[in-house]
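When reading the values below, keep in mind they use all heavy atoms of this one structure, side chains included, and skip hydrogens, waters and symmetry mates.
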Amino acid sequence: LKEQKLLETIPIPKQSGRGVIVERGQRVKLIAPRGKQIGDLFAFARHSPDEFIAPPYTMTWNRNIYLKAGMPMISNYGGQLLVLEEDTSG
């Protein structure tokens, strides 16, 4: 991955959630300071909140139930919303 300047760190306490706006070309890095599981991820299109990541479409598109680096996350409208760049969770 290209080194990019960290713009903001947002701690997420357990059993809670946070939101962040990500523009095209920007990256989000999720880390687990303790343990291996990050948690649940939900994303939707900023200008179309009724378009969101849909696991069934993502699994069909990627022909796999597990995401690997380079695989897109597909929306309920069939568009690519995010791409998994790296997974170091084990």
Below 3.5 Å, can you tabulate the donor-acceptor pairs from side chains in residues 41-53 to any protein atom, sequence neighbours excluded?
residue, atom, partner, partner atom, Å
Arg46, NH1, Glu23, OE2, 2.2
Ser48, OG, Asp50, OD1, 2.8
Asp50, OD2, Tyr77, OH, 2.4
Glu51, OE2, Ser75, OG, 2.7

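Judged by distance alone, with hydrogens and angles left aside, the side-chain atoms of Ser16 form no donor-acceptor pair with the main-chain N or O of Ile12 at under 3.5 Å. Of the possible donor and acceptor atoms, none in the side chain of Asp87 sits under 3.5 Å from a partner among the backbone N and O of Ala69.
Two residues are said to be in side-chain contact when any heavy atoms from C-beta on lie closer than 4.5 Å; Gln80 and Met73 fail this criterion. Ile74 has its side chain out of reach of Leu81: every pair of non-hydrogen atoms, C-beta onward, lies at least 4.5 Å apart. Pro72 has its side chain out of reach of Leu82: every pair of non-hydrogen atoms, C-beta onward, lies at least 4.5 Å apart.
In this structure Lys29 satisfies the side-chain contact (heavy atoms from CB on, under 4.5 Å) test together with Ile31, sequence neighbours excluded.
The environment of CZ in Arg63 is sparse: at most 12 heavy-atom neighbours from other residues, nucleotides or ligands sit within 6.0 Å.
The two residues Gln26 and Ile21 make their nearest non-hydrogen contact at OE1-O, 4.0 Å.
Using a 4.5 Å cut-off between side-chain heavy atoms of Ile, Leu, Val, Met, Phe, Trp and Tyr, Tyr66 falls into a hydrophobic cluster with Met59, Ile65.
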